[in-house]
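Read the structure below first, then the notes.
In this text, all values refer to a predicted model and were calculated from it rather than measured experimentally. Within every chain, numbering begins at 1; the chains are lettered A, B, ... in the order of the sequence lines, protein sequences first and strands thereafter.
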Amino acid sequence: MTDYNFAYLDEQTKRMIRRAILKGLAIPGYQVPFASREMPMPYGWGTGGVQVSAATLTPEDVFKVIDQGADDTTNAVSIRKFFQATAGVDTTEETDKATVIQTRHRIPEAALNEDQILVYQVPIPEPLRFLEPRETETRKMHSLEEYGLMHVKLYEDIARHGAIATAYAYPVKVEGRYVMDPSPIPKFDNPKMTMPAIQLFGAGREQRIYALPPYTEVVSLDFEDYPFEASKADHSCELCGADDSYLDEVIVDDQGGRIFVCSDTAYCTARQAAQQDTPTPQAQEAAV
Amino acid sequence: MTLQNSSDAFRSEYTDHSAPHPLLRVVDIEKCYGQRIGCTGVNFDLYPGEVMGIVGESGSGKSTLLNCLAGHLEPDQGEVLFDTRDAGLVDTVTMAEPERRMLSRTDWAFVHQHARDGLRMSVSAGGNVGERLMAVGARHYGQIRDEAIDWLGRVEINETRIDDRPSAFSGGMQQRLQIARNLVTGPRLVFMDEPTGGLDVSVQARLLDLLRGLVRQMGLSAIIVTHDLAVVRLLADRLMVMKDGHVVETGLTDQVLDDPQHAYTQLLVSSVLQV
Ligand SMILES: Nc1ncnc2c1ncn2[C@@H]1O[C@H](COP(=O)(O)OP(=O)(O)O)[C@@H](O)[C@H]1O
Ligand SMILES: [Mg+2]
Ligand SMILES: [Zn+2]
């Protein structure tokens with residue numbers, strides 16, 4: 001028999017992961033150790049997220065995968081195919097149709113709801129790692145809420161760059177307690193993290209799971225005189241005109257021409273489709 | 001009757017001290033490494049504003065004792081009572097670790113012999129000085145920076161160096177930066193282990209002058225471990241002389257250095273044993 005168990009992992013492993021997820025939900029922002037399994041894909045391909053998705057998916061779920069906002073990158077496609085093959089679940093690119101969304105580096109632009117679960121792939125779960133490499137020490141710092149070092153990092157940013165230059169993986173404080181790495185999403189996405197959907201974070205190589213229950217308070221760290229800013233490129237999307245979505249800069253020719261387009265491809269596509277259905281005011285004027 | 005420089009005589013000397021409570025009361029501290037004695041039978045009180053020097057040859061147990069007092073080592077026996085803000089004298093050996101770590105970040109400071117043990121080498125000078133402020137909740141960048149500039153000035157580091165990493169500093173500057181980083185939150189008790197050790201003689205002299213100035217201005221309470229009698233002559237009100245893990249003599253600094261009672265202290269003072 002070559003048949004896999006539903007969603008690849010055996011039931012015992014899934015139970016173990018679910019226990020870690022539940023513990024993570026009970027202690028928002030706390031990194032729960034778990035026995036990460038070998039997955040049929042290399043680390044860096046989101047094995048932590050894949051294991052969390054495997055433990056979360058049910059046959060009725062509709063699954064979406066995004067990588068840097070896009071549904072069609074190699075990474076996103078291969079993870080989607082993996083669960084199509086091993087779990088037989090339906091997949092979608094439309095954010096509002098999905099019940100489980102696995103993501104790397106973005107939160108979808110469309111607001112999520114209470115019936116959805118967002119699963120993040122996390123490379124480095126420990127926000128204190130860069131200033132304190134000793135794991136025993138960082139665990140102690142979390143347990144004793146000794147987070148001064150996080151602000152030292154932000155201080156260094158301002159001293160060196162004149163502003164908080166951290167643009168991705170911008171540290172947050174969860175429910176006034178644990179400092180958490182939101183994974184390498186742009187800081188533009190940080191304010192969205194207080195949301196109706198459940199958020200689960202899986203780090204495969206580092207063997208950590210953490211979680212945010214719906215509506216958890218998530219605050220980006222900052223200084224009184226250098227407040228957090230959810231910044232994005234100061235442009236509109238070239239394709240759909242959105243001025244409120246996170247933009248990628250795309251090189252369009254070999255003369256150095258650049259345009260800005262939505263990083264969330266599903267969002268952009270949906271907006272373009274809607275614009276074709278209902279002509280824009282300019283198009284209406286032109287038609288007169 | 002000759003004055004006995006024993007710890008008992010020493011304590012009675014201080015019973016009518018104006019401060020009602022000692023800042024630190026050390027009771028019968030012992031720490032062994034296997035069969036080897038690190039330090040044993042150490043008793044003393046430190047009153048607010050006092051500087052206690054601990055002298056002795058290399059290997060006499062000075063660092064072991066200091067680390068027991070500062071909570072870096074757990075003594076096998078004895079109590080280290082500190083006058084906490086909330087509850088008065090509390091044994092820091094048996095106190096819960098979170099509280100002890102909190103003390104280390106607030107009321108206590110520790111200056112290491114090797115600056116790199118006490119500094120974050122990958123963080124700028126300003127960040128090093130600001131860390132303790134941020135650890136106790138400072139969240140205004142401009143104020144943290146002003147405070148860092150002020151403290152760099154106090155330890156004679158030009159403010160133009162504020163964004164440089166300590167790895168770009170000389171040994172003397174690193175040590176001054178470590179001192180600034182420790183004193184910025186106004187600790188009530190400062191532990192120093194050979195603060196001038198490993199520095200050139202001329203650099204040592206400058207650091208010593210600086211330390212003396214800070215001790216006087218701030219009215220610091222401190223325990224300074226050194227094998228260098230010049231350091232305690234300049235900084236310490238009182239002395240403890242250690243040999244083979246035991247305290248062999250205690251007393252006022254001038255008294256001990258000018259009229260040593262114990263044969264070992266006499267050797268030490270006559271510079272026969274000086275390194
Ligand atoms: N970690 C250790 N393990 C074993 N023996 C130690 C250790 N640290 C110090 N000692 C021993 O304890 C004694 C006191 O050492 P120490 O406190 O470092 O003296 P000092 O600071 O006066 O030079 C010495 O005999 C030393 O060899
Ligand atoms: Mg020593
Ligand atoms: Zn768009």
### Query
Quick one: of B:G137, B:S122, B:S124, B:A135, who has the most non-hydrogen atom pairs under 4.5 Å with chain A?
B:S124
### Task
Give the member of B:R132, B:E131, B:Q143, B:R105 that has the highest number of heavy-atom pairs under 4.5 Å with chain A.
B:R105
### Task
Kindly give the heavy-atom pair with the smallest separation between B:M134 and A:Y155, and that separation in Å.
CE-CB, 3.7 Å
### Message
Quick check: closest heavy atoms across B:D163 and A:A159, and the distance to 0.1 Å?
### Response
OD1-CB, 3.5 Å
Should we count [atom1] of [X] as having more than 12 external heavy atoms under 6.0 Å?
| X | atom1 | value |
| --- | --- | --- |
| A:D244 | CG | yes |
| A:E229 | CD | no |
| A:M39 | CE | yes |
| A:Y215 | OH | yes |

### Task
May I have all residue pairs that pass side chain to side chain donor-acceptor pair (under 3.5 Å) and include part of residues 201-213 of chain A, sequence neighbours excluded?
A:R129-A:E206, A:E135-A:R208
Which distance, rounded to the nearest 0.5 Å, do you find between the [atom1] of [X] and the [atom2] of [Y]?
| X | Y | atom1 | atom2 | answer |
| --- | --- | --- | --- | --- |
| B:R139 | A:E224 | CZ | CD | 9.0 Å |
| B:R165 | A:E156 | CZ | CD | 7.0 Å |
| B:R120 | A:E132 | CZ | CD | 6.0 Å |

## Note on the structure
Among residues 210-219 of chain B, residues within the sub-4.5 Å heavy-atom range of chain A, in order of number, are none
### Task
Can you tell which part of A:L149 gets under 4.5 Å to a heavy atom of chain B, answering side chain, backbone, both or neither?
side chain
### Message
Between the side chains of B:R101 and A:E137, is the shortest nitrogen-to-carboxylate-oxygen separation below 4.0 Å, so that they form an ion pair?
### Response
yes
### Task
Give me the ring orientation class for A:Y226 and B:Y141: parallel if the planes are under 30° apart, tilted from 30 to 60°, perpendicular past 60°.
perpendicular
